[in-house]
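As structure tokens, the structure follows; a few thoughts come after it.
In this chain, numbering begins with 1 at the start of the sequence shown. Quick note: numbers below take in every heavy atom, side chains included, and nothing from hydrogens, waters or symmetry partners.
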Amino acid sequence: MTSPVPETPARLRGVAAQERTLAAADPMTEWWHPVGWAAEVGDRPHRTVLLGRPLVLWRDADGTVRCLRDLCVHRGTALSLGEVHDGQIVCPYHGWRFGGDGHCTAIPQLPRDRPVPAGAAVPAFACEERYGLVWVCLAERPRAPIPDFPEWDRPGFRHAPCPPYTWRSSAARMVENFTDFGHLGWLHDGLLGSRDDLVVPEHTVRRRGHELHYALSMDVPSADGVNDTGEDGGGAMTNTYVLSLPHAIHLRSHYPDTGRSRVLFFAAQPVDAHTSTGYCYQSRDFDLDGDDRRYTDFQELLAEQDRLVVESQRPEQLPMDLADELHLKFDRVAVEYRKALADHHYPATGPAPACEGAREGDLAWT
């Protein structure tokens, strides 16, 4: 279900007014970002953080997910500490009620004949459920659609959600890992390649609007059948990627000897400039009655191997100046990713001071 794009309240005070100013200056607010599994959002307030901004999610009386800044305009209380009544969120401090559009609908301390002040409003943001995830856009007009996951509704595919993983890393560093072919055989030896064969095959990358398209064919181990090569020792695999700016990957691994495919859909939530959470599906058109844990455990193993490396990278922010790091021919996809981000004014600096009202660790993104 999709919540309508909320209208900007006529008057916003204090932190609420500051929020609109920050959002207007931050190009990352113009994209859809995942903020959690849809199944985890119900009739209780659900707190999350996106781009350093504390948010509160809940479902209204129609079951539609709503999203507000997690900050009451009255005394700066976290609305996520409150409760939901009749589809509206209630502040825990004084019982003020807010609708999904951010407007306050009731102030218990006012006489019944007194109207709610026009300034009693908090920023509201559009959110949408897609692929079992909740997506939020902090700007009034998204720059691009939610990334495509074409197999989601396609018959003959089984989708296994992986446990989300949170890294001490920028989201761009996390995503760029999917553009790095040189590490597959070395870091993931026996899973996605072999240290005995590290030469990266020829490949190209094309930019189409807000997407990068690239592909690579190589031999891979069977990894206990997770790679359905048809041979116990492994075989051929062709990976076809679509990287949707700024932080999503669709990867289709096709095994030509069996005609089968395994699909990974990954999207990162930039919690703040130093922390990101990845949401991932391992999907397949084979072994449809098999144990999903076989595939999710495989993904968790790969992610943990990557985490240790990615969290060590410095600077934490992805360098936008290509002269800051050494690039070789097999890094062409990473280079194109950085160029695309730079063209969309991706922030290349560290975090700004925390937003007012943010809890410790909730940093502003600039």
Side-chain angles (χ1 to χ4, degrees), residues 1-26 29-33 35-36 38 40-129 134-142 355-359 362 364:
M1 306 179 84
T2 305
S3 64
V5 178
E7 296 182 0
T8 303
R11 297 173 61 194
L12 291 174
R13 299 177 179 272
V15 175
Q18 179 195 45
E19 176 65 37
R20 287 301 185 197
T21 302
L22 288 171
D26 186 346
T29 64
E30 299 175 356
W31 303 88
W32 288 101
H33 301 277
V35 294
E40 295 179 354
V41 181
D43 58 1
R44 294 182 180 181
H46 178 86
R47 184 178 184 273
T48 190
V49 179
L50 176 62
L51 296 168
R53 295 156 174 83
L55 306 175
V56 58
L57 307 170
W58 80 97
R59 293 187 184 274
D60 65 16
D62 296 326
T64 302
V65 178
R66 298 290 187 165
C67 178
L68 298 182
R69 181 76 155 83
D70 190 17
L71 194 74
C72 182
V73 70
H74 181 216
R75 286 296 179 266
T77 306
L79 294 172
S80 58
L81 297 177
E83 51 196 58
V84 175
H85 283 306
D86 298 326
Q88 298 186 331
I89 196 162
V90 182
C91 179
Y93 200 10
H94 297 94
W96 290 26
R97 292 193 179 200
F98 295 87
D101 60 359
H103 291 276
C104 182
T105 62
I107 298 178
Q109 294 78 13
L110 287 180
R112 292 182 179 275
D113 60 348
R114 290 279 301 277
V116 173
V122 296
F125 307 104
C127 53
E128 183 169 334
E129 289 185 57
V134 176
W135 301 74
V136 169
C137 180
L138 297 176
E140 295 185 7
R141 294 183 180 180
C355 293
E356 293 183 38
R359 301 179 191 176
D362 297 342

Heavy-atom distance under 4.5 Å between the side chains of H94 and P108, does that happen here? no

Please report the C-alpha distance between D86 and R97 in whole Å, then the side-chain angles of each, then the deciding distance to 0.1 Å, and finally whether the side chain to side chain contact (heavy atoms under 4.5 Å, CB included) criterion is met. CA-CA 10 Å; D86 298 326; R97 292 193 179 200; 3.7 Å; yes

Between R59 and V41, is there a donor-acceptor pair closer than 3.5 Å when you use the side chain of the first and the backbone of the second? yes

Quick one: are D70 and P45 in side-chain contact, heavy atoms under 4.5 Å? no

Shortest non-hydrogen pair, W32 vs A126, comes out as CZ3-O, 3.7 Å

Is there side-chain contact between P142 and E30, with heavy atoms separated by less than 4.5 Å? no

Separation of L57 CG from R47 CZ (nearest 0.5 Å): 11.0 Å

Contact between P92 and T77 at the side-chain level, heavy atoms closer than 4.5 Å - yes or no? yes

Students often mix this up, so state it plainly: with edges at 30° and 60°, are the rings of H74 and W96 parallel, tilted or perpendicular? parallel

Taking all atoms of both residues into account, what is the closest heavy-atom pair of A106 and C104, and its distance? O-SG, 3.4 Å

Minimum side-chain heavy-atom gap L138-P123 below 4.5 Å: no

Kindly give the heavy-atom pair with the smallest separation between I107 and P117, and that separation in Å. CD1-CD, 3.8 Å

Under 3.5 Å, is there a donor-acceptor pair between the side chain of D60 and the main chain of D62? yes

Tell me the closest heavy-atom pair linking C127 and V134, and the distance in Å. CB-CG1, 4.3 Å

Answer yes or no: is there a side-chain heavy-atom contact under 4.5 Å between R66 and V84? no

Interatomic spacing from NE2 in H46 to OG in S80 - rounded to 0.5 Å: 10.0 Å

Would you confirm whether Q88, through its side chain, and T105, through its main-chain N or O, come within 3.5 Å as a donor-acceptor pair? no

Which heavy atom of F125 sits nearest a heavy atom of R69, and at what distance? CE1-N, 3.9 Å

Correct closest heavy-atom pair for L79 and C91 would be CD2-CB, 3.7 Å

Stepwise side chain to side chain contact (heavy atoms under 4.5 Å, CB included) check, T48 with E40: CA-CA 11 Å; T48 190; E40 295 179 354; over 6 Å; no

Stepwise side chain to side chain contact (heavy atoms under 4.5 Å, CB included) check, L68 with W58: CA-CA 9 Å; L68 298 182; W58 80 97; 3.6 Å; yes

First locate atom CD of E83, then atom CG of D43, and finally report the distance between them rounded to the nearest 0.5 Å. 11.0 Å

